[in-house]
Structure formats: C-alpha cells, structure tokens
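All remarks here apply to the structure that follows.
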Amino acid sequence: MRVRTRFAPSPTGYMHIGNLRTALYAWLFARHNNGQFLLRIEDTDRNRLVEAASDVIFKTLRDTGLDYDEGPDVGGDYGPYVQSERKEIYGKYAKALVDKGAAYYCFCTKERLDTLREEAQKEGKVFKYDKHCLSLSKEEVQRRLDAGEEYVIRQNIPLEGESSYDDMVYGHISVPMSDMEDNILLKSDGWPTYNLANVIDDHLMEITHVIRGIEYLSSTPKYNLLYDALGWERPKYVHLPPVMKDKTAKLSKRNGDASYEDLIAKGYLKEAIVNYIALLGWNGGGEQEIYSLKELAEAFSLEGLSRSPAIFDIEKLTWMNGEYIRKLSPEEFLEKAAPHFDKALTRDVDREKLARIIQPRLETLNQIEEKVSFFNEVPEYSTDLYFNKKMKTTPENSLDLLKEARAELEKVGDFTNDSLYQALLAVAQKNEVKNGRVLWPVRIAITGTEVTPGGATEIAEILGKTETLSRLDCAIEKLEKSL
RNA sequence: GGCUCCUUGGUCAAGUGGUUAAGACACCGCCCUCUCACGGCGGUUACAGGAGUUCGAAUCUCCUAGGAGUCACCA
C-alpha cells in the first residue's frame, strides 16, 4: 500500500510554526516512504473566511520545498482539494450516516440548547446534548424537514462501551462512549463540521496516515466510529505534541509569536527554519543536528517523534541560522545580503570584500545593518574608546602612534590588508610596543566603533586609501582638541 | 471539574533494567587573535516527588504533584 499523507490547514492568512512543523513531518513521512503528500484546504467555517489566505500556504510550502503531489493549485485525481468545493459530498454522506443510524436529524433550537447549558452549569455538570431529537419518529422528522424547519445532523454516539485505537506516537488511546457527545456533523447552514469533513475527505482521498496536532488525539475515537459506520478502513494516526512559547503557553499568532513570515522578515534563512523545527519534536537518535531537507527525508522515522511538548527556542534557531549563513558560498551570501546592503550602505564600498569579513560574523541577515553602519560615516564617539587596558592604550599614547601610522599608511601603494598590516606592524616594532598599541587606535580612529566586524587593516582596505587617511586626520584632530 | 496525554540540566534532547546519565543551544573560563565573531579546549547545571518490583531502576508498576489537550453549528 502506497503511503499517502496530507497537510490540511484552515486558511487563516499566516503560517505559524506549529503548522509548518506538522506539514513538514507529514511531508517527510511521505517522502521517506516514497509515498505521496497532498494539500487540502479546510475552509468549511464560512464565518471565518480570510481573503486569499490560501496563498500564504501555497507560498510557504513552495518556499520551504515541501512540494505536494496533489492540491488546490496543482490538481490531482482526488479533488477538489478545497472543502468549500465539496459541499454536496458531505451532505450525501451525512444522510447515509442517518440511514445507518449512526447519525440523526436534530431540530433543537439555539434557545433550548442554551437553557440546557445553563442548567448544567448551575448544577456544576458538564453540558452534554441529551439526544432529545433521537427519539423523533421517522414521520415526524420528515414532516418537519418538509416544513422547512432548520436542522443539523448529529452523530449518534452509543451510550455504552468505549472506542479505542492505537496511535503511532502515543500508543493505545481509549475513550469511554459516555465521555463523547453527539457532536454536530452537518451544520444548519448545510456545511459540515471538521468532525465529518476530515473523515470523509481522508477516506476519499485515500490517506493512509493522518498526521496532525495532538488537539485531535482524544476526539479521534469519535471519528473512528464514523469510519466504522460507513464500513471504511480506519487510517493510521500520528498525533504530534504542540510547539510551545513557554512552559504553559502554546505558540500562537495571537500572542504575537513569530510566524514563518516573521522569521523570514527577521533575516532567518528558510533552510535554517526548516532544519530547526524538524528537530523540535523529532531526532534521528544520533548527534547530527544540521540536516538538509533531503537528509531529513532519508533519516525521518516515526520512532524519533517525541511525546512531550517542545518549547520554541529562538536562541538555538539563531545559532543554527548562523551556521547556515556561514555555509553559504560567497555568491549565495552576496545575493542574500544584497537587499540589506542596499538598505544599510549610503557609500559605495566593495561589497565582495565587505561580504567576506561580515559573513562569518552574522547570525541573522538583519544584523548587517547595524554591523556596517560605520562604513557610511564615523559615528559620534568618545575619545574614551582609546582607553584599552589589554592593549595598554590611552588617548595620549594613541595620538602619537596614530600620527606615525598615518604617515606610514600614506606611503603604502598597495592598499590591501597584508601590506597595511605589515606597515602598522613596522610602526609597532620601531616603537618597541605591542601590535595592539597601534592597531587598536587605528581601528578606533577609522571606525569610531568599539566592536567591528574585522580588524583595523581589513576595514582600512575596504574604506580605501583616501577615506582611511581622511578619517585618520579627523581622529587626530579630535584627539588633539580633547587633550 | 470529567476524560485523554505528558514530565531527563534554563532550552532541544540521547537513553528501552547494570552508562563516569551522551550531544547541541545558552552561560562561564582559557587558548587563538589587530576589537568582535569563527574555531579549539575546559567548566557549571538534569532523571518532578514518594512507595513498590528487582541483586540492581531514568528505564517496569502504583500513588502524588505539576503541565498540556479536549469537553463549540472552530478547525
């Protein structure tokens, strides 16, 4: 039997990390087993429609490399893949369930239900529908249907016994019938609820493994009753633990927590995001942490899935992102950095050289802006920056060496790192001081910044001779004034 | 509250009756070094608690505690 998995999100307009991870795992399982992966849009809640929300889903899956064999925008033999285009199908099966006695028409008004709910609450009990309409005779049901009365179709849960199944992650799950309610399968607006739609679609689309969030773990026995009533084979189930923001709260857009788009906007690489979330709830048993999508597909197995919630740790993602940035070829890096350079640089500098010194020092692409701003102009700074204990520099001793350094640098024809470094080293040697005594002040003088990506001579090379000397002159002048 | 599930360092986690209880992030220290970062080396920190089974328990059982999910004409 060929493995078929699916990702079935409801279109909300963004892709949150937990959802993406669910899609990833479903995709990985399918690919690992040489199976098929499909996308289905669950939009049966007509009150919550969001304009063009499916586009975010299409785009994110395409972006991350989670290609689907069937789906709304790619077609397939089991379509349509959007639930709102399958309305008649659900109605048909809802009625079939009624005929089999597994479901029944219910005409109870909102008012009656509310009253019941209130009473239950007063008595401190959990409200459960009382199967009131189950006792209606066939004739009466027909009469009220003919009269055009509003109705829903409810699942008829047996009064006794239990329903159980074996989850591939959580093991044996068993729920007493008495704890299940006669949930609504078909709403009064004619649309199905998730309870009905997921069962019909997963069966019709021949899904072999249902991979979804843990929120469905305890309602799955109810769905199984439907499979049984229809005489359908139940799929295998793989429920996934949640992705948490902290110990007690789930990651959610409502809390302002990062979505996939947000992370991309913050300068994270899609490969790093995918790699990181793959490890949030799964591991291959070994020590490998950096995985390409392809490697993940090869290594993925259900045994590696965790049962406990995982907290989303942006720090580790950030570290991993740094790893991915460093792995980029110079060309790839330049391409990804370009928009940030455009934004950050007002002066014309050699981007290739700049890229070379900055690439190993980045954890996110967005850090480029802050790290290169001194190339545009020297910021306001205090001459206190010339104090450095380890280098044994002070504004006073810096001034003298700066003057000497300036004179030497002016003589350098080949204005490259190596030559510059040699020139400054010579200054240090001549004065019989440690290298830092001259390198530190030079770097401060030409950057006005305590921490820079790269050393004095690397930066001088990028700045160029004219700019370097001019900055040195300004710095010398500034020092003289302050002393 | 009922039901279902979960519980190894701050975080992700390996571990399936006998281990000095891995590794990674973070943190700290040292080295490298023209600052920072990278890299290298080292360090602090964990089996939620309690009973039991067993020669022996992070691993099996039970209880307690904590947490999560669910209990909609949302998915």
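In what follows, chains are A, B, ... by sequence order, proteins preceding strands, each numbered from 1. For the numbers below, each heavy atom of this structure counts, side chains included, while hydrogens, waters and symmetry mates do not.
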message: Does A:S174 reach a base, just sugar-phosphate, or nothing at all? Heavy atoms under 4.0 Å.
response: sugar-phosphate
query: Among B:rC73, B:rU35, B:rC3, which is the nearest nucleotide to the side chain of A:R117?
result: B:rC73
query: A:T457 near the nucleic acid: base, sugar-phosphate alone, or nothing, with a heavy-atom cut-off under 4.0 Å?
result: base
task: Measure from the side-chain heavy atoms of A:K187 and tell me the nearest of B:rC25, B:rC74, B:rG69.
output: B:rC74
- prompt: Quick one: which of B:rC34, B:rC74, B:rC25 gets closest to the side chain of A:N47?
  reply: B:rC74
- prompt: Expressed as a whole number of Å, how far does the P atom of B:rG67 sit from that of B:rU61?
  reply: 24 Å
task: Check the distance between B:rA14's P and A:W282's CH2 and give it to me in whole angstrom.
output: 11 Å
query: Taking atom C1' in both B:rU35 and B:rA46, what distance in whole Å separates the two?
result: 37 Å
field: No-H, no-angle donor-acceptor pair, A:T452 side chain to B:rC36 base, under 3.5 Å
entry: no
field: B:rU7 to B:rA58 separation - C1' atoms, rounded to the nearest Å
entry: 12 Å
- prompt: Mind checking the P distance from B:rU59 to B:rU8? Whole angstroms is fine.
  reply: 12 Å
- line: From the candidates B:rC3, B:rU33, B:rC34, the one with an atom nearest any side-chain atom of A:K390 is B:rU33
Whole-angstrom distance between B:rG18 and B:rC60, as gauged at atom C1': 15 Å
- request: Would you classify A:E323 as touching base, sugar-phosphate or nothing, given that sugar-phosphate means primed atoms plus P, OP1 and OP2, and contacts are heavy atoms under 4.0 Å?
  value: sugar-phosphate
Stacked cation flag A:R154 on A:Y129, 6.0 angstrom / 45 deg: yes
field: Assigned partner base of B:rC71, Watson-Crick or wobble definition, under 3.5 Å
entry: B:rG1
message: Between A:Y90 and A:D201, is there a side-chain donor-acceptor contact under 3.5 Å, judged purely by atom types and distance?
response: yes
query: Picking from B:rC34, B:rC6, B:rC25, which would you name as closest to the side chain of A:D313?
result: B:rC25
message: Base, sugar-phosphate or nothing for A:M391? Non-hydrogen atoms, less than 4.0 Å.
response: sugar-phosphate
task: Write down the distance separating the C1' atoms in B:rC27 and B:rU11, rounded off to the nearest Å.
output: 12 Å
- prompt: Which part of the nucleic acid does A:S308 contact within heavy-atom distance under 4.0 Å: base, sugar-phosphate only, or nothing?
  reply: sugar-phosphate
message: Students often get this wrong, so: under 4.0 angstrom with heavy atoms, is A:F312 touching a base, only sugar-phosphate, or nothing?
response: nothing
field: Cation-aromatic face contact A:K392/A:F387, 6.0 Å, 45 degrees
entry: no
- prompt: Looking for any heavy atom pair under 4.0 Å, which part of the strands does A:G454 touch: base, sugar-phosphate only, or nothing?
  reply: base
query: Do A:K247 and B:rA68 share a donor-acceptor pair, side chain to base, under 3.5 Å?
result: no
- prompt: Any salt bridge between A:E410 and A:R406, counting N to O under 4.0 Å?
  reply: yes
task: Could you tell me whether the side chain of A:S218 has a donor or acceptor atom within less than 3.5 Å of a complementary atom in the base of B:rC3?
output: no
